[in-house]
Amino acid sequence: VSATLPVCIDQIENQTGRIRNFENAAKGEGEHSGIFFDDSDVYKALEGMAYSLINNPDPELEKKADEWIDKFAAAQQPDGYINTFYTLTGLDKRWTNMDKHEMYCAGHMIEAGVAYYQATGKRKLLDVCIRMTDHMMSQFGPGKRHWVPGHEEIELALVKLYQTTQEQKYLDFAYWLLEERGHGHGTMGDEGKWDPVYYQDIVPVRRLTDISGHAVRCMYLYCGMADVAALKNDTGYIAAIDRLWDDVVHRNMYITGGIGSSRDNEGFTEDYDLPNLDAYCETCASVGMVLWNQRMNQLTGDSKYIDILERSLYNGALAGISLGGDRFFYVNPLESKGDHHRQEWYGCACCPSQLSRFLPSIGNYIYASSDDALWVNLYIGNTGQIRIGETDILLTQETDYPWDGSVKLTISTSQPLEKEIRLRIPNWCKTYDLSINGKRINVSEKKGYAVIKDWKSQDVIALDMDMPVEIVAADPHVKENFGKRAIQRGPLVYCMEEIDNPEYFDQIQLSPSTTFQTAFVSDILNGIKTIKTNGRAQSATFIPYYAWDNRKAGKMRVWIPYNE
């Protein structure tokens, strides 16, 4: 993060015209540079600054954020509308094309405004967001104009605005926008033909059964549905997102937790169509999988959603950024001929700005609490503080995960806490030991969590998970991986790069007799556990997929021929 935010700030201020668009909009003159949705990158970077300030207060960074917020506020129209593209190209055209991302940009602004308010207590941007939302609600809603946002995002953002302001009307507006879909209201005005499949507008959302169209839009839609379902206890929405989850995870997801196989629509074609070399797997879609699966876990308390979150986090999303934190993948294939590389920036820069807000927010996914339990979802070394009711809880995790399956957890509470502790047992983990203060304990499991009922403040809970190397087969319906296998250890998917296997790269095979050695190598790729094979023909070296393309260019593959 220390590298990524400065890169984004530099690009936004110096290399592209993104911040200048706001300055020009405030003056009411000058050109709009870039793409019509570029405002959203600035808002996402600001949201990243907010999360960073929560973890690491930094007066200079806060000053920079305040400068930006002043520019946003100055660019807002008297009626509350804010969007630099239309302000600079003609306000008479606003709200005429549902795919021009006006609500999408507003949604990212709201997420940034809420995050910055939580980080600093400053309301200036939050108030800009409220004025824009009230402007939108003056145009759209029951008895007013129809609107189907071409790129979802506003729906989940409105829920955050509702949770921050406690204004019911914002939750109701999110619900109204979700209900607008699937009734033939979508239009691009006179700028083209609306494609209901691409925009998730074929049927009303509570009748959805299959994922379709653009992958990132789907993720934001399902997040919005999950948020609204939780707050309105809408069983129809819950049934729909359950069906969609099964369709995504069992028929349309890569082993890396990446989704969206097609470049044509940045999304989906037919079930089990999962090419490796031509995989699209947009970085933003993997982040979307994290956001959606966290919400599904909060709705249900089922660990299977965190298993997918973790898969997407460590493989699909983490591959999207270089180990230096300053170069980015938009597309994440599972095979390369040596010609696919991370870039400093993109004309459509949604992925770098997405990572700049996602990485500093990862702490939000480690723990959760409910009426009866404290949940430990991710194993990441950290010290965290949670307040539940009147009780302050200090949690310390010591672990080398994902290299090692041992976790030590110490919980200190300001007063006794009548809650269970639920530790997620990942689905890759077949055997584990649990102890408190060095004494082994037996516990029951519920929905993939080990449930600890008897504990007290200052207890040291140790979880030791066996982490063997596994050979994984794809679903037999995936033609692309017929006769191939992949290697996984713990939550990490591994791949083979030509730089480590220069002689036999195209001949290497796995077989039932292949054995594996793991070793921690500190002097490559910021320190990784490599996996070496001893096969019948030749040995091979594998590295974690997230770390590929950080050295010399060369071929890469995740799925390896398997000789039965």
Side-chain angles (χ1 to χ4, degrees), residues 245-246 248-250 253-259 286 289-319 362-368 370 373-382 384 395 397-409 420-435 440-452 461-475 486-494 516 518 528-529 531 542 544-546 558:
W245 190 85
D246 284 340
V248 173
V249 170
H250 299 311
M253 183 182 80
Y254 284 92
I255 188 172
T256 55
I259 57 165
S286 293
M289 284 288 279
V290 173
L291 301 175
W292 179 33
N293 278 283
Q294 189 212 16
R295 286 162 166 86
M296 296 299 285
N297 173 257
Q298 287 177 322
L299 264 177
T300 60
D302 194 320
S303 74
K304 71 180 183 181
Y305 300 111
I306 304 294
D307 290 331
I308 300 298
L309 180 159
E310 185 176 65
R311 183 176 289 279
S312 299
L313 168 63
Y314 279 107
N315 304 291
L318 207 51
I362 284 171
N364 299 341
Y365 303 99
I366 301 175
Y367 304 109
S370 63
L374 189 61
W375 308 70
V376 184
N377 280 325
L378 295 180
Y379 299 114
I380 297 174
N382 74 88
L395 301 118
Q397 259 194 64
E398 297 167 83
T399 180
D400 281 331
Y401 194 93
W403 310 121
D404 186 298
S406 295
V407 183
K408 269 166 82 171
L409 181 72
E420 299 170 352
I421 293 173
R422 298 193 182 177
L423 300 174
R424 181 177 68 97
I425 305 302
N427 62 346
W428 55 259
C429 173
K430 307 297 182 282
T431 56
Y432 65 93
D433 284 331
L434 250 182
S435 65
R440 277 191 60 178
I441 56 168
N442 291 320
V443 293
S444 59
E445 272 189 44
K446 187 175 181 186
K447 288 187 176 176
Y449 289 89
V451 181
I452 297 175
I461 298 168
L463 171 64
D464 284 299
M465 298 173 277
D466 279 349
M467 202 182 260
V469 175
E470 287 185 276
I471 295 183
V472 184
D475 185 294
I487 287 180
Q488 187 174 325
R489 181 176 180 272
L492 297 178
V493 173
Y494 275 67
F516 301 98
T518 61
I528 54 163
K529 258 198 179 158
I531 297 175
F542 290 78
Y545 171 76
Y546 77 77
V558 169

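Computation of the quantities below employed the complete heavy-atom set of this structure, encompassing side-chain atoms and omitting hydrogens, waters and symmetry-equivalent molecules.
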- Evaluate the side chain to side chain contact (heavy atoms under 4.5 Å, CB included) criterion for residues Y546 and I528: first the C-alpha distance (whole Å), next the side-chain angles of each, then the deciding distance (0.1 Å), finally the verdict. CA-CA 11 Å; Y546 77 77; I528 54 163; 3.8 Å; yes

- Task: Would you check, one step at a time, whether the test salt bridge (Lys or Arg N to Asp or Glu O under 4.0 Å) holds for K446 with E420?
- Result: CA-CA 12 Å; K446 187 175 181 186; E420 299 170 352; over 6 Å; no

- For side chain to side chain contact (heavy atoms under 4.5 Å, CB included), just list the numbers for W245 and N293, CA-CA rounded to whole Å, side-chain angles, deciding distance to a tenth of an Å, and then say yes or no. CA-CA 9 Å; W245 190 85; N293 278 283; 2.7 Å; yes

- Message: Assess the residue pair Y494 and F542 against the criterion (ring pair (Phe, Tyr, Trp, His ring centres under 6.0 Å)); give the C-alpha distance rounded to whole Å, side-chain angles, the decisive distance to 0.1 Å, and a yes or no.
- Response: CA-CA 6 Å; Y494 275 67; F542 290 78; 7.5 Å; no

- Message: Between L492 and W403, is the side chain to side chain contact (heavy atoms under 4.5 Å, CB included) condition met? List the steps.
- Response: CA-CA 9 Å; L492 297 178; W403 310 121; 3.5 Å; yes

- Task: Verify side chain to side chain contact (heavy atoms under 4.5 Å, CB included) between I308 and V248, making sure each step is shown before the conclusion.
- Result: CA-CA 11 Å; I308 300 298; V248 173; over 6 Å; no

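Side chain of K529 to backbone of R489: no donor-acceptor contact under 3.5 angstrom is found. Checked by atom type and distance alone, the side chain of Q488 pairs as donor or acceptor with a backbone atom of G490 at under 3.5 Å. No donor-acceptor pair closer than 3.5 Å links the side chain of Y305 to the backbone N or O of W292. Without hydrogens or angle criteria, D307 side chain to N427 main chain gives a donor-acceptor distance under 3.5 Å.
The CD1 atom of I380 sits 6.0 Å away from atom CD1 of I362, with the distance rounded to the nearest 0.5 Å. For the atom pair Y367 OH and N382 CG, the distance stands at 3.5 Å (nearest 0.5 Å). To the nearest 0.5 Å, the span separating NZ on K304 from CE on M296 amounts to 7.5 Å. Summarising the geometry, atom CD1 belonging to I425 is positioned 13.5 Å from atom CD1 belonging to I306; distances are rounded to the nearest 0.5 Å. Atom OG of residue S370 and atom CD of residue Q298 lie 10.5 Å apart, to the nearest 0.5 angstrom. Here OG of S435 is found 11.5 Å from CG of N442. Values are rounded to the nearest 0.5 Å.
For Q294 against N364, the heavy-atom pair with the smallest separation is NE2-O, 3.6 Å. Heavy-atom minimum distance, R422 versus A373: NE-CB, 3.6 Å. Pairing each heavy atom of I255 with each of V493, the nearest pair is O-CG2, 3.6 Å. In terms of heavy atoms, V290 sits closest to S312 at CG2-CB, 4.1 Å. D475 approaches H250 most closely through the heavy-atom pair OD2-O, 4.4 Å. Nearest heavy atom pair, residue A450 against residue L434, reads CB-CD1, 3.8 Å.
Between Y401 and M465, some side-chain heavy-atom pair lies under the 4.5 Å cut-off. You'll find the side chain of M467 reaches within 4.5 Å of the side chain of W428, heavy atoms only. Contact of the L309 side chain with the L378 side chain is registered, since non-hydrogen atoms from C-beta on lie closer than 4.5 Å. Contact check for L423 versus V443: no side-chain heavy atoms found under the 4.5 Å cut-off. When side chains are defined from C-beta on, V376 counts as touching Q397, because their heavy atoms get closer than 4.5 Å. You'll find the side chain of Y432 stays beyond 4.5 Å of the side chain of P426, heavy atoms only. A 4.5 Å side-chain heavy-atom check between T518 and V469 finds at least one atom pair inside the cut-off. Residues T399 and D404 form no side-chain contact, since every pair of their non-hydrogen atoms from C-beta on lies 4.5 Å or further apart.
The aromatic rings of Y449 and W375 stand perpendicular to each other, their planes meeting at an angle above 60°, with 30° marking the opposite boundary.
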